[in-house]
There are 2 protein chains.
Amino acid sequence: MRWQDIDQQPCSLARSLAIIGDNWTLLVLRDCFLGVRRFDDFQQRLGVTRHVLSDRLRKLTDGGVLEKVAYQERPLRHEYRLTTMGRDLYPVIAHLAQWGDKYLADEAGPPLVRVHRQCGEPLEAKLQCGHCGENVEPKDIRLEENPHWAGQLLPTKAG
Amino acid sequence: MRWQDIDQQPCSLARSLAIIGDNWTLLVLRDCFLGVRRFDDFQQRLGVTRHVLSDRLRKLTDGGVLEKVAYQERPLRHEYRLTTMGRDLYPVIAHLAQWGDKYLADEAGPPLVRVHRQCGEPLEAKLQCGHCGENVEPKDIRLEENPHWAGQLLPTKAG
DNA sequence: ACTATCAGTTCCTAATTGGAACTTACTTCT
DNA sequence: AGAAGTAAGTTCCAATTAGGAACTGATAGT
């Protein structure tokens with residue numbers, strides 16, 4: 001199977017990755033959350049080649065994560081802004097960054113600290129169940145298959 | 001800059017993506033959380049070519065996300081298991097899957113429902129501040145730069 | 001007229017991927 | 001004993017993608 005066809009699977013994770021799972025794309029989104037909006041700014045900060053950046057921005061725009069907004073006429077220039085759909089990816093970015101802070105930082109410590117404005121403390125991101133409010137770990141989750149794809153998604157014990 | 005060099009940046013997100021940001025790698029981890037452990041099972045479920053799978057499993061193992069455990073001798077066979085470091089990626093997977101459920105599902109609805117055992121309700125993942133317990137959105141976060149990399153990480157207003 | 005800005009596109013070479021077959025070390029079936 | 005099966009890779013080749021640098025086009029500033 002080719003990587004470009006993974007969006008044809010029913011799995012929501014596979015479909016998400018079809019939009020944001022390419023090399024460089026999550027780094028583009030990191031910069032979006034830092035306020036970067038323009039092509040050349042992304043290019044200089046990331047060091048990615050211009051045609052790869054062009055391709056990734058197009059995929060993000062087509063996927064609904066970013067929108068292209070004109071910021072001037074004559075000459076016409078566009079910038080890229082996060083949509084609501086894009087801003088909803090913040091928990092993914094926050095947890096990935098926190099994971100890197102925990103396991104991959106060097107002696108100087110994490111390069112950025114995310115301070116929660118409301119309480120003034122460094123964000124300690126937790127996965128919380130919106131229904132009962134408890135923190136959630138992998139073992140706390142039981143998977144239920146949508147009958148529409150019964151038996152096609154979960155591994156069998158046999159392998 | 002080449003993709004293989006992004007782990008040399010101080011950014012924790014870049015370093016995380018150096019381990020898990022490759023195409024296919026997050027789908028390998030999805031299957032790990034579903035209980036898949038063996039090479040051929042990953043290969044059949046993902047449809048990825050065997051040498052790409054081999055490369056990704058090696059990167060995950062070298063990165064400390066998975067560990068190779070012998071499950072039989074004669075002939076010697078190994079399986080891949082999540083480490084504690086790997087299980088700590090669960091919030092990333094859960095939020096990505098939920099995002100796909102919300103924006104990318106088709107008429108039949110999300111293919112899998114993650115039920116929180118403790119409360120019996122479908123997990124509604126939230127990003128929570130571990131300090132004050134409030135839900136967190138992008139606008140609630142203020143970034144503080146580690147002085148060691150002062151001025152090198154955040155974009156300037158000038159561009 | 002000359003230079004700069006910005007958002008790309010084009011060109012070429014080098015690296016990576018997709019697909020299929022092959023390898024190694026056993027075990028089980030006939 | 002010989003043939004087929006299992007598991008975890010490795011090897012080979014053609015096709016796609018990425019990296020690097022230069023180029024384009026519309027316009028503004030000097």
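Computed from heavy atoms alone, side chains included, the values below leave out hydrogens, waters and symmetry copies. Since this is a predicted model, take the numbers as computed values, not measurements. A note on names: the letters A, B, ... follow the listed sequences, proteins ahead of strands, and every chain is numbered from 1.
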Original post:
Does the base of dG9(D) carry an N or O that pairs as donor and acceptor with the side chain of His51(B) under 3.5 Å?
Top reply: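 No such pair is found, so the answer is no.
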Original post:
Got a donor-acceptor pair under 3.5 Å from the side chain of Arg77(B) to the base of dA8(D)?
Top reply: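 There is none.
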Can you tell me how far [atom2] of [N] sits from [atom1] of [X], to the nearest Å?
X	N	atom1	atom2	value
Leu46(A)	dA18(D)	CG	C1'	15 Å
Leu53(A)	dG8(C)	CG	C1'	9 Å
Asp22(B)	dA18(D)	CG	P	11 Å
Gln72(A)	dA28(D)	CD	C1'	10 Å
Arg50(B)	dC22(C)	CZ	P	14 Å
Lys59(B)	dT17(C)	NZ	C1'	12 Å
Gln44(A)	dG8(C)	CD	P	15 Å
Asp55(B)	dA15(C)	CG	C1'	12 Å

Checking contacts here: which listed nucleotide ([options]) is nearest the side-chain heavy atoms of [X]?
X	options	result
Thr49(A)	dG20(D), dA8(D), dT16(C)	dG20(D)
Arg56(B)	dA8(D), dT17(C), dA25(C)	dT17(C)
Gln4(B)	dT10(D), dA7(D), dT16(C)	dT16(C)
Val52(A)	dA18(D), dC6(C), dT27(D)	dA18(D)
Arg2(B)	dA7(C), dG19(D), dT16(C)	dG19(D)

Original post:
Does His131(B) have its ring centroid less than 6.0 Å away from the ring centroid of His116(A)?
Top reply: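 Ring centroids of His131(B) and His116(A) are no less than 6.0 Å from each other.
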**OP:** Using heavy atoms to find the nearest nucleotide of DNA chain D for Arg37(B) and Glu73(A) separately, return the residue whose nucleotide is more 5′.
**Re:**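 It is Arg37(B), whose closest nucleotide lies nearer the 5' terminus.
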Ion pair present between [X] and [Y], side-chain N to carboxylate O less than 4.0 angstrom?
X	Y	value
Asp5(B)	Arg2(B)	yes
Asp106(A)	Arg15(B)	yes
Asp55(B)	Lys59(B)	yes

**OP:** Specify the residue among Pro75(B) and Arg58(A) whose closest nucleotide of DNA chain C lies further upstream toward the 5′ end.
**Re:**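 Nearer the 5' end of the strand: Arg58(A).
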Original post:
How do Met1(A) and Ser54(A) order along DNA chain C: which one's closest nucleotide is nearer the 5' end?
Top reply: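 Result of the comparison: Ser54(A).
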Original post:
What are the two closest non-hydrogen atoms of Ala97(A) and Leu13(B), and how far apart are they?
Top reply: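 Between these two residues, the closest heavy atoms are N-CD1, 3.9 Å.
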Original post:
What is the nucleic acid contact for Phe42(B), judged by heavy atoms within less than 4.0 Å: base, sugar-phosphate only, or nothing?
Top reply: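 Since no nucleic acid heavy atom lies under 4.0 Å of Phe42(B), the category is nothing.
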Return no unless some side-chain N or O of [X] is found under 4.0 Å from OP1 or OP2 of [N].
X	N	answer
Tyr80(A)	dG8(C)	yes
Trp3(A)	dA18(D)	no
Tyr71(A)	dT5(C)	no

**OP:** Check whether NZ of the Lys or CZ of the Arg Arg38(A) lies under 6.0 Å from the centre of the six-membered ring of Tyr71(A) and within 45 degrees of that ring's axis.
**Re:**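 Cation-pi check for Arg38(A) and Tyr71(A): passes.
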